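Following: one structure in structure tokens, then a few remarks.
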Amino acid sequence: MENAIKFANELIWSDVFIALCLVSGLFFTIKTKFIQVRFFRSMIRLLFTESGSEKGVSPFQAFSIAIAGRVGVGNIVGVATAIAAGGPGAIFWMWMIAFLGSASAFIESTLAQIYKREANGQYCGGPAFYIEQGLKNKSFAFLFSIITIISCSLFLPSIQANSISISVQEAFAVPQWITGLAICFFLAITVFGGAKNVGRVAQVVVPFMATAYILMALVIIGINYKLIPDVFMLIIRAAFNQEAAFSGVFGAAIAWGVKRGIYSNEAGQGTGPHAAAASETSHPVKQGLVQAFSVYIDTLFVCSTTAFMILFTNQYNVVDTTGNYIINNLPDVEPGAGYTIKAIATQFPSVATQFIAIALTFFALTTIMSYLFIAETNFDYLSKKKNIILRWIMRGIILTNVYFSAINEPSTAWAIGDIGVGAMAWLNFIAILLLYKPAMIALDDYIKQFKEGKDPIFDPTNLNIKNVSPLWVGIAAQKKQELLKKNTKKE
């Protein structure tokens, strides 16, 4: 089994795929004329300018759902494993894939909005929807949907659940089986209420968990502020093979930086579009910009704070491709949360383990919520009609997997999770490279209206985009009516 998992990982995460991620992000960055820079202020403004409805969540709730999926174990454990396998230089390549990936996130999320539909009284969508409608390829869409359901119900939650149970056991001596049951209970009462329920929980939990963790990190960074230039230059030198100590892991720095960057921020992976499609908005580009901003929050902010904590305090090891130590600062400490715990313990020894356990629990729980929401969305795609029995069978399988993942050993959890991430990302990158033009048409329309001083409204009747969701005709008419009433009142 371990050999099979290793083979699948090497096949999916080949050099070709690493190049695909980087080149795709660069391509979309150039095509959108660096939208991640040009519209940075708009990204922040759009978070709070529109509200939700009975059918859709607000842009901020959609942002919170996406952040719930992006800010997770990868921000604590993933960063540490990237440093362990690729050295400090891996952090630069995490930054790079985040910057370029922001443009990929914009394209995939805008497409998700253009081709979204209504199911069970709520908006839903994602890669399977835009592959079928935009590329007119039901087989491709079916394949993505099946792989996504398998990944988000079986592969990806295993890492999160296992990380929670182990950290809680180490910090508070709570048996893993009790933590596993508690996780399942929480998921059952939140996620299965639909996108609006997930959005309500996420918009409260996400800001709280991110703020608490970042504040702790900033305190440690502040204490070591004199080291900032040295650590930053170490990252840059190692990333470009200019640091002799890490020359043996130069290739690994790129590979692990990209791998853990994609796992962390999910840009281009195909998970973010599910949250984007659930949003109530007047124009697809608005949600595309919001989702592009979420990539910044995850990697350029949260992941960076973890990396700087670890590097400031020298609480890490680096192993080359043959398994020999290049750096061995922490004998007998496995790559992962242990590095972050040790880093925090240099300043706050009495609370380090407990703090990381709490942070991991919040991060991982909201991430599992996001994965289950994505699995449900793809179930809606496959099942055009309401099928309560099959839906609850799927939910039962998911909860069972979450429970057993929580009580099992973590030896293969990350490897299995990487297979799920990579398989989805392969398919989604191919899809958005073939289908990016509708997103570009929508972007041009948004910019045109914005320059005219209008609050952009997406009216598909005036654009040459085929198979646009018929929902947009009604949405456009409603938004125009609301705008007319608003202007009449002003007069």
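It should be emphasised that the depicted structure is a prediction, and the values quoted were computed from it without experimental measurement.
Between the side chain of Thr361 and the backbone N or O of Ala357 there is at least one donor-acceptor pair closer than 3.5 Å. A distance-only check finds no donor-acceptor pair linking the side chain of Ser102 to the backbone of Phe99 [under 3.5 Å]. Judged by distance alone, the side chain of Ser165 and the main-chain N or O of Ala406 form a donor-acceptor pair under 3.5 Å. For Asn317 (side chain) and Tyr325 (main-chain N/O), no donor-acceptor pair under 3.5 Å exists by modelled atom type. Using modelled atom types, no side-chain atom of Gln269 and backbone atom of Met424 make a donor-acceptor pair closer than 3.5 Å. Between the side chain of Thr110 and the backbone N or O of Val285, no donor-acceptor pair lies under 3.5 Å. For the pair Trp93 (side chain) and Ala239 (backbone), a donor-acceptor distance under 3.5 Å is present.
Between Leu111 and Pro273 the shortest side-chain heavy-atom distance does not fall below 4.5 Å. You'll find the side chain of Gln315 stays beyond 4.5 Å of the side chain of Val333, heavy atoms only. When side chains are defined from C-beta on, Phe39 counts as touching Ile447, because their heavy atoms get closer than 4.5 Å. Residues Leu46 and Phe293 have side chains not in contact (no heavy-atom distance under 4.5 Å, counting atoms from C-beta outward). In this structure, the side chains of Ile341 and Phe355 stay at 4.5 Å or more apart for every pair of heavy atoms. Counting heavy atoms from C-beta on, the side chains of Asn224 and Phe308 never come closer than 4.5 Å. Residues Gln36 and Thr29 have side chains in contact (heavy-atom distance under 4.5 Å, counting atoms from C-beta outward). Residues Thr179 and Gln169 fail the side-chain proximity criterion, which asks for heavy atoms closer than 4.5 Å.
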Residue pair Tyr316, Ile327: steps toward the side chain to side chain contact (heavy atoms under 4.5 Å, CB included) verdict: CA-CA 8 Å; Tyr316 66 95; Ile327 301 293; 4.2 Å; yes

Residues Thr281, Gln287; criterion side-chain hydrogen bond (donor to acceptor under 3.5 Å, both in side chains); working and verdict: CA-CA 7 Å; Thr281 185; Gln287 188 54 217; 5.7 Å; no

Pair Phe373-His274, side chain to side chain contact (heavy atoms under 4.5 Å, CB included): steps then yes or no: CA-CA 8 Å; Phe373 164 70; His274 296 87; 4.2 Å; yes

Working for side-chain hydrogen bond (donor to acceptor under 3.5 Å, both in side chains), residues Tyr339 and Asn329: CA-CA 10 Å; Tyr339 290 9; Asn329 296 325; over 6 Å; no

Stepwise side chain to side chain contact (heavy atoms under 4.5 Å, CB included) test for Gln113 and Tyr123: CA-CA 9 Å; Gln113 270 286 327; Tyr123 294 139; over 6 Å; no

Ile164 vs Leu360, side chain to side chain contact (heavy atoms under 4.5 Å, CB included): CA-CA, chis, key distance, verdict: CA-CA 6 Å; Ile164 293 173; Leu360 265 177; 5.6 Å; no

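Taking CD1 of Ile432 as the reference point, atom CD1 of Ile131 lies at 10.0 Å (rounded to 0.5 Å). Note that OG1 of Thr377 and NZ of Lys116 are 13.0 Å apart. Values are rounded to the nearest 0.5 Å. A distance of 11.5 Å separates CD1 in Ile220 from CG in Leu215, rounded to the nearest 0.5 Å. To the nearest 0.5 Å, atom CD of residue Gln160 and atom CE of residue Met369 are 12.5 Å apart. With rounding to the nearest 0.5 angstrom, the CD1 atom of Ile374 is 8.0 Å from the OG1 atom of Thr148. The structure places CD1 of Ile35 at 14.5 Å from CD1 of Ile30, a figure rounded to the nearest 0.5 Å.
Within 6.0 Å of CZ on Phe240 lie more than 12 heavy atoms contributed by other residues, nucleotides or ligands. By the 6.0 Å contact criterion, CZ on Phe185 is open, its count of non-hydrogen atoms from other residues, nucleotides or ligands being 12 or less. Atom CZ of Phe27 sits in a crowded spot, with more than 12 heavy atoms from other residues, nucleotides or ligands closer than 6.0 Å.
Identified under the side chain to side chain donor-acceptor pair (under 3.5 Å) test for residues 228-254, with sequence neighbours left out: Arg237-Glu243.
Minimum heavy-atom separation, Cys152 to Leu372: O-CD1, 4.2 Å. Summarising the geometry of Ala85 relative to Ala252, their closest heavy-atom pair is O-CB, 3.4 Å, with the distance given to 0.1 Å. The shortest non-hydrogen separation linking Arg45 to Phe450 is NH2-CE1, 3.6 Å. Heavy-atom minimum distance, Ala82 versus Ala90: O-CB, 3.6 Å. Tyr371 approaches Pro157 most closely through the heavy-atom pair CD1-N, 4.0 Å. Contact detail for Pro229 and Lys226: the closest heavy-atom pair is CD-O, 3.6 Å.
A perpendicular orientation is assigned to the rings of Phe17 and Phe429, their planes being inclined by more than 60° (bins at 30° and 60°).
For Thr353, there are no side-chain hydrogen bond (donor to acceptor under 3.5 Å, both in side chains) partners at least two apart in sequence or on another chain.
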